[in-house]
Amino acid sequence: PCDYSALKKLSRKHKLLLVSDAAHSIGASYNGKPVGSLADATVFSFYSTKNITTGEGGMVVTDKKRLAAKVRHLSLHGMTSSGWRRYSGGQWRYDITALGYKYNMPDLSAALGLGQLENFEKMQIKRARLAQDYYKKLKNYSDFIELPHGDWHTPHAWHLFIIKINPDRWEIGRDRLVDELEKQGVGCGVHFIPAYRFSYFKKALNLKTSDYPNCENAFKRVISLPLYPDLTLKEVHYVCRTMGELVHKFARR
């Protein structure tokens, strides 16, 4: 998790609400408190790749009653009554008191998420175990790859396991390395492609890669290794062994 203490201090100084984009952070904690309890409002994603999925959708959490009521109200067209209330108790009357949105999660999607919630802690323990195993197996290659920051006293969500290559120590670039891993059956990702590289934003906003040197440097180095609860330790060892073989094959002498 980011430094919530510093962010809260900054937001209070300027009399701002602190809204946290915690799309990847469910399950993480900061100073012993879950990330969802640290900001004025926190937004989680339940997209299909997240630690808990409802197929699509997300959730806003807050301890501010007025804010929660407003989010609920706006999430369904600004209506004063939900479909459940209207059709289950004969309360057919309702009003629309604000120009709201169609942001309500379908009940079937919510049921899918609730079912996973029962096993969430077990899944998070498994993710952390896999991450620790990656650390143990890959630390010998620290001259060639940078491992993600992990403070084992501060629970990490471990949604992704992102390494960064040290380009000075490789004869090949990141893209070629991903291809070589794929050839050995190791499916990898790159999280994420910067917005200024997409055709629409290039054209609409006249964005250039030269305007973002730090982001570009990071983008060319990152690789996401496989990490999900059903991944086995045997498979993690295979990924690490394959990475070691590629280090020996393509290391800059």
Side-chain angles (χ1 to χ4, degrees), residues 1-5 7 20-39 42-61 112-142 144-166 174 177-178 181-182 185-193 218-219 221-244:
C2 55
D3 188 346
Y4 276 93
S5 296
L7 290 173
S20 173
D21 175 358
H24 292 178
S25 298
I26 189 166
S29 299
Y30 177 83
N31 286 343
K33 296 181 179 179
V35 291
S37 66
L38 297 165
T42 302
V43 184
F44 293 112
S45 170
F46 298 141
Y47 181 61
S48 58
T49 60
K50 300 301 189 291
N51 293 25
I52 285 182
T53 180
T54 57
E56 186 57 278
M59 177 172 65
V60 180
V61 297
L112 178 63
L114 288 171
Q116 291 175 63
L117 198 58
E118 295 177 4
N119 296 312
F120 181 65
E121 186 175 355
K122 291 180 181 178
M123 290 191 294
Q124 289 303 105
I125 291 173
K126 180 67 181 298
R127 283 178 179 272
R129 171 74 191 281
L130 294 169
Q132 284 181 315
D133 225 50
Y134 268 130
Y135 269 92
K136 291 177 183 177
K137 300 295 182 182
L138 293 176
K139 64 181 180 181
N140 293 331
Y141 309 118
S142 58
F144 305 93
I145 58 174
E146 178 184 335
L147 297 177
H149 172 72
D151 179 355
W152 302 109
H153 301 292
T154 301
H156 192 298
W158 293 119
H159 171 57
L160 299 169
F161 193 91
I162 301 176
I163 63 172
K164 297 177 183 177
I165 68 168
N166 181 353
R174 188 277 312 281
L177 181 56
V178 170
L181 286 165
E182 294 276 359
V186 179
C188 298
V190 173
H191 295 89
F192 289 92
I193 302 173
F219 167 66
R221 297 175 59 204
V222 295
I223 300 174
S224 296
L225 298 181
L227 181 63
Y228 49 92
D230 287 338
L231 189 69
T232 66
L233 292 177
K234 183 178 179 180
E235 288 169 328
V236 168
H237 297 171
Y238 176 77
V239 173
C240 297
R241 187 167 64 252
T242 302
M243 180 64 74

* Smallest separation among heavy atoms of Pro1 and Ser29, with atom names -> CG-O, 3.2 Å
* Asked: Mind checking what makes ring pair (Phe, Tyr, Trp, His ring centres under 6.0 Å) contact with Phe44, not counting sequence neighbours?
  -> none
* Asked: Should Ser20 and Leu38 be marked as a side chain to side chain contact (heavy atoms under 4.5 Å, CB included) after you check the CA-CA gap, both sets of side-chain angles, and the distance that decides it?
  -> CA-CA 9 Å; Ser20 173; Leu38 297 165; over 6 Å; no
* Which residues satisfy the salt bridge (charged side-chain N to carboxylate O under 4.0 Å, His left out) test with Glu146, sequence neighbours excluded? -> Arg221
* Got more than 12 heavy atoms from elsewhere within 6.0 Å of OH, Tyr47? -> no
* To the nearest 0.5 angstrom, please state how far the CG atom of Asn140 sits from the CE atom of Met243. => 13.5 Å
* Structure fact -> Rounded to the nearest 0.5 Å, the CZ atom of Phe161 sits from the CG atom of Leu138 at a distance of 6.0 Å
* For His159, enumerate each residue passing the side chain to side chain contact (heavy atoms under 4.5 Å, CB included) test, keeping only those at least two apart in sequence or located in another chain. => His24, Thr49, Lys50, Asn51
* Looking only at heavy atoms, what is the nearest atom pair of Leu227 and Ala131, with distance? -> CD1-N, 4.5 Å
* Verdict with supporting geometry, Asn31 and Ser5, side chain to side chain contact (heavy atoms under 4.5 Å, CB included) -> CA-CA 9 Å; Asn31 286 343; Ser5 296; 4.0 Å; yes
* Closest non-hydrogen atom pair between Ser224 and Ile162, with its separation -> OG-CG1, 3.4 Å
* **Residues that Asn166 engages under side chain to side chain contact (heavy atoms under 4.5 Å, CB included), provided they are two or more places apart** => Asp168, Arg169
* Any residue meeting side chain to side chain contact (heavy atoms under 4.5 Å, CB included) with Leu112, in chain and number order, not counting sequence neighbours -> Gln116
* Structure fact -> Minimal heavy-atom distance between Asp230 and Glu235, with the atoms involved, is O-OE1, 4.2 Å
* For Cys188, which of Leu225, Leu177, Val222 qualifies under side-chain contact (heavy atoms from CB on, under 4.5 Å)? -> Leu225
* Asked: Do the non-hydrogen side-chain atoms of Ile223 and Val190 ever get within less than 4.5 Å of each other?
  -> no
* What is the minimum heavy-atom distance between Ala157 and Arg127, and which atoms define it? -> O-CD, 3.9 Å
* With the side chain counted from C-beta on, respond yes when Pro226 and Tyr134 share a heavy-atom pair under 4.5 Å apart, and no when they do not. => yes
* To do: Could you pull out all residues at least two apart from Leu233 that satisfy side chain to side chain contact (heavy atoms under 4.5 Å, CB included)?
  => Arg129, Leu130, Asp133, His237
* **Validation row: Met59, Thr54 side chains within 4.5 angstrom (heavy atoms)** => no
* Give the minimum heavy-atom separation between Lys126 and Leu231, together with the two atoms involved. => NZ-O, 3.0 Å
* Asked: If only atom types and distance count, is the side chain of Thr53 paired as donor or acceptor with the main-chain N or O of Phe46 below 3.5 Å?
  -> yes
* **Stacked cation flag Arg174 on Phe219, 6.0 angstrom / 45 deg** => yes
* Structure fact -> Rounding to 0.5 Å, atoms NZ (Lys234) and CZ (Arg241) come to a distance of 9.0 Å
